[in-house]
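Remarks on the structure that follows.
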Amino acid sequence: MSAATPPPGHELVVVEDERALASVAAARIAAAIEAAVASRGAAHVALSGGSTPGGAYRLLAARGPALAGAVWWWVDERCVPPTDERSNYGAARAQLLEPAGIAPSRVRRMEGELGAEVAARRYAACLTSELGERGVPTLDLVIAGIGSDGHTASLFPRTGSVRRGEAPVIDVVPGGGLEPRVTLAAPVLLAARRVLVLASGAAKREPLLAAWTAGDEDETPARLYLRAPEVTWIVDAHALPARP
Ligand code: 6PG
């Protein structure tokens, strides 16, 4: 049985397990930061939450000096205070920002505690004033994940959120008992110079296969990366789908 692959033009890196994924992802993130700093003087990096990237963030923290030129943004946030255990900012602070000694002046957090609409508006203003004066804000690197339902960022299936582009940052009500979210909108994810999508574990097989197959983006929002210019999928062997 052969493995499925993303479409031509996308890079697929298959690693053995979650541990290897953390180390390969940390190395790729560090390399992207170095390249962006070398060519543009800064690296604007957007972090995702969830459990998958934590190992990579911890390893990245150990590269302290190599991160000096980075400015840290978020892909999405849950509407909870930054001290809540569900906070994506809180997780990244513990795994990466604090251990690496990153100055608060380099950190652009989504203020989930203000409620999704207000937080989205304020983050859109911040992103646009810093990165988007000439159109859609351009991040150097987006670190994304994929949910077992095919969501990415906080663009959830059958909410219409993946089709929204009226603002660079939007509020989303995911349903299913999840708290409201703030998320970068699809046009910002697609404008990023590079997207790394991390996936680990068997629950990601089915959504990965769907994301690599053209179809309705509202059914599988991670399909939007089929339209992104530079995508690397870092997938462990457990998550790798078989070719149908
Ligand atoms: C979040 C995320 C989200 C995440 C996926 C995968 O806040 O939940 O940013 O988009 O990347 O849900 O999550 P896991 O890594 O936990 O599987």
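Because the structure is predicted, anything quoted here is derived from the model rather than measured. Both counts, for ligands and for their atoms, begin at 1 and track the order of listing.
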Numbered atoms of ligand 1 (with element) below 4.0 Å of R181, judged on heavy atoms: 1 (C), 7 (O), 8 (O)

Any N/O of G49 closer than 3.5 Å to an N/O of ligand 1? yes

For I146, the ligand 1 atoms whose distance to one of its heavy atoms is below 4.0 Å: 6 (C)

Can you report which non-hydrogen protein atom sits closest to atom 12 (O) of ligand 1, along with the distance? H151 NE2, 2.7 Å

Do V142 and V195 touch side chain to side chain, with heavy atoms closer than 4.5 Å? yes

Taking the six-membered ring where the residue is Trp, are the ring centres of Y123 and W74 under 6.0 Å apart? no

Under 3.5 Å between some N or O of ligand 1 and some N or O of R78? yes

When you compare ligand 1 with S154, is there at least one nitrogen or oxygen pair between them that comes in under 3.5 angstrom? no

Taking atom 16 (O) of ligand 1 as the reference point, the nearest protein heavy atom with its distance: S51 N, 2.7 Å

Tell me: protein heavy atom nearest atom 2 (C) of ligand 1, and distance? D76 OD2, 3.3 Å

Students should be able to answer this: which protein heavy-atom is nearest to atom 13 (O) of ligand 1, and at what distance? G50 CA, 3.8 Å

Are E217 and R163 close enough for a salt bridge, meaning some N to O gap below 4.0 Å? no

Should E230 and R193 count as an ion pair when the cut-off is N to O under 4.0 Å? no

Tell me which protein heavy atom sits closest to atom 17 (O) of ligand 1, plus the residue, atom name and distance to 0.1 Å. K204 NZ, 2.6 Å

With atoms numbered from 1 as shown, which atoms in ligand 1 lie under 4.0 angstrom from a non-hydrogen atom of T52? 14 (P), 15 (O), 17 (O)

Output, in order, the C-alpha distance, side-chain angles, deciding distance and verdict of salt bridge (Lys or Arg N to Asp or Glu O under 4.0 Å) for R40 and D140. CA-CA 10 Å; R40 288 176 297 279; D140 293 297; 2.6 Å; yes

Please state whether V75 comes within less than 4.0 angstrom of ligand 1, counting heavy atoms only. no

Heavy atoms, side chains only, cut-off 4.5 Å: are H44 and L131 in contact? yes

heavy-atom search around atom 11 (O) of ligand 1 in the protein gives G145 CA, 3.4 Å

Name the closest protein heavy atom to atom 7 (O) of ligand 1, giving the residue it belongs to and the distance to 0.1 Å. N88 ND2, 2.8 Å

Is a salt bridge present between R164 and E166, judged by a nitrogen-to-oxygen distance below 4.0 Å? yes

Test your reading of the model: is there a side-chain donor-acceptor pair from D218 to the backbone of G160, 3.5 Å cut-off? yes

Parallel, tilted or perpendicular: ring planes of Y225 versus W233, cut at 30 and 60 degrees: perpendicular

Residue, atom and distance of the protein heavy atom nearest atom 10 (O) of ligand 1 read A153 O, 2.6 Å

With side chain to side chain contact (heavy atoms under 4.5 Å, CB included) as the criterion, how do L208 and V235 come out once you've worked through the C-alpha distance, each side chain's angles and the decisive distance to 0.1 Å? CA-CA 9 Å; L208 276 177; V235 172; 3.8 Å; yes

